[in-house]
Amino acid sequence: MKLNDIRDNPGARKSRIRVGRGIGSGKGKTSGRGQKGQKSRSGVAIKGFEGGQMPLHMRLPKRGFNNPFGKDFAEVNVGMIQKLVDAGKLDPKAVIDHAALKAAGVARGGKDGVRLLGKGEITAKLTFKVDGVSAGARAAVEKAGGSVELPAAQPTEHEKKTARREANKAAAK
């Protein structure tokens, strides 16, 4: 075999249909677009349009609420953490945080950190450094002799505004 003998397999490359090239091509005259009307013209994109009928996306009811300020936590149950400690995937002496849980393969996602939930039993004495904890999970961890550390609470936008307003009033006097 030589370089000049190399060819594609038959049918590997298919040339595109050249429309509007005469009646013999089978795609001449109107180029497969039918006759007249908006869709026969160029530059038309009618996504979701149903010919004047109410489109499906408008016929369906709106449901729920998407909170733009909602936090995205990776939720982890204390029972799962106990299983990982028993399996040797988590070190019970080290501080258990988002990085440790991610390395163990439990905390998936969680743009805003990890939230500890109380499903299951925990017997190991563990120290947690997480971004959120349920009351049941905190009680379970403390009953086993462990502790949970949360980050310092950041003031809300309303609290910041109020503080600025008070400071401006004090400066004006």
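Residues: numbered from 1 along the sequence shown. Side-chain atoms are counted along with the backbone in the values below, which use heavy atoms only and exclude waters and symmetry mates.
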S31 side-chain N/O to R33 backbone N/O, donor-acceptor pair under 3.5 Å:
no
Between the side chains of E75 and R108, is the shortest nitrogen-to-carboxylate-oxygen separation below 4.0 Å, so that they form an ion pair?
no
Would a single hydrophobic cluster contain both V85 and L117, if residues Ile, Leu, Val, Met, Phe, Trp and Tyr are joined by side-chain heavy-atom contacts under 4.5 Å?
no
Quick check: does any side chain N or O of R7 sit under 3.5 Å from a backbone N or O of N4, one acting as donor and the other as acceptor?
yes
CZ of R164 to CG of N168: how many Å apart, nearest 0.5 Å?
8.5 Å
Atom pair CZ/NZ of R41 and K36 - distance to nearest 0.5 Å
8.0 Å
Any chance you could measure D91, atom CG, to L84, atom CG, to the nearest 0.5 Å?
12.5 Å
Treating N67 as the side-chain partner and F69 as the backbone partner, does any N or O pair qualify as donor plus acceptor under 3.5 Å?
yes
L56 CG: over 12 foreign heavy atoms closer than 6.0 Å:
yes
D72 side-chain N/O to K111 backbone N/O, donor-acceptor pair under 3.5 Å:
yes
In the single-linkage hydrophobic clustering (I, L, V, M, F, W, Y; side-chain heavy atoms under 4.5 Å), do M80 and L126 co-cluster?
yes
Report yes or no: do L150 and L101 belong to one cluster of Ile/Leu/Val/Met/Phe/Trp/Tyr joined by side chain heavy-atom distances under 4.5 Å?
yes
Quick one: do S134 and R115 satisfy side-chain contact (heavy atoms from CB on, under 4.5 Å)? Show the steps, please.
CA-CA 8 Å; S134 69; R115 181 168 165 81; 4.1 Å; yes
Tell me, do H158 and T162 make a side-chain contact under 4.5 Å, heavy atoms counted?
yes
Side-chain donor or acceptor of D97 paired with backbone N/O of K129 under 3.5 Å
no
Non-hydrogen atoms of V78 and A137 that approach each other most closely:
CG1-CB, 4.2 Å
Taking every heavy atom of K89 against every heavy atom of A104, the minimum-distance pair comes out as O-CB, 4.4 Å
Do S40 and Q35 have side-chain heavy atoms sitting under 4.5 Å apart?
no
Do K39 and I46 make a side-chain contact, defined as non-hydrogen atoms from C-beta onward lying under 4.5 Å apart?
yes
Using every non-hydrogen atom in the two residues, find where V114 and A107 come nearest and quote the distance to one decimal.
CG2-CB, 4.2 Å
Tell me the closest heavy-atom pair linking V95 and A100, and the distance in Å.
O-CB, 4.5 Å
Between CD of E142 and OG of S147, what distance do you get to the nearest 0.5 Å?
8.0 Å
For a side chain to side chain donor-acceptor pair (under 3.5 Å) check, start with the C-alpha distance between T123 and Q82, then their side-chain angles and the critical distance, and finish with the verdict.
CA-CA 7 Å; T123 53; Q82 184 61 49; 3.2 Å; yes
Between K27 and I17, which heavy-atom pair has the shortest distance, and what is it?
CG-CG2, 4.0 Å
Between atom CD1 of I81 and atom NZ of K83, what is the distance when rounded to the nearest 0.5 Å?
12.0 Å
Measuring only between side-chain heavy atoms, which start at C-beta, is F128 closer than 4.5 Å to V133?
no
Spacing of E149 atom CD and I96 atom CD1 [to the nearest 0.5 Å]:
13.0 Å
Between P151 and V130, which heavy-atom pair has the shortest distance, and what is it?
CD-O, 3.2 Å
Residues E50, R59; criterion salt bridge (charged side-chain N to carboxylate O under 4.0 Å, His left out); working and verdict:
CA-CA 12 Å; E50 296 186 21; R59 288 198 302 265; 3.1 Å; yes
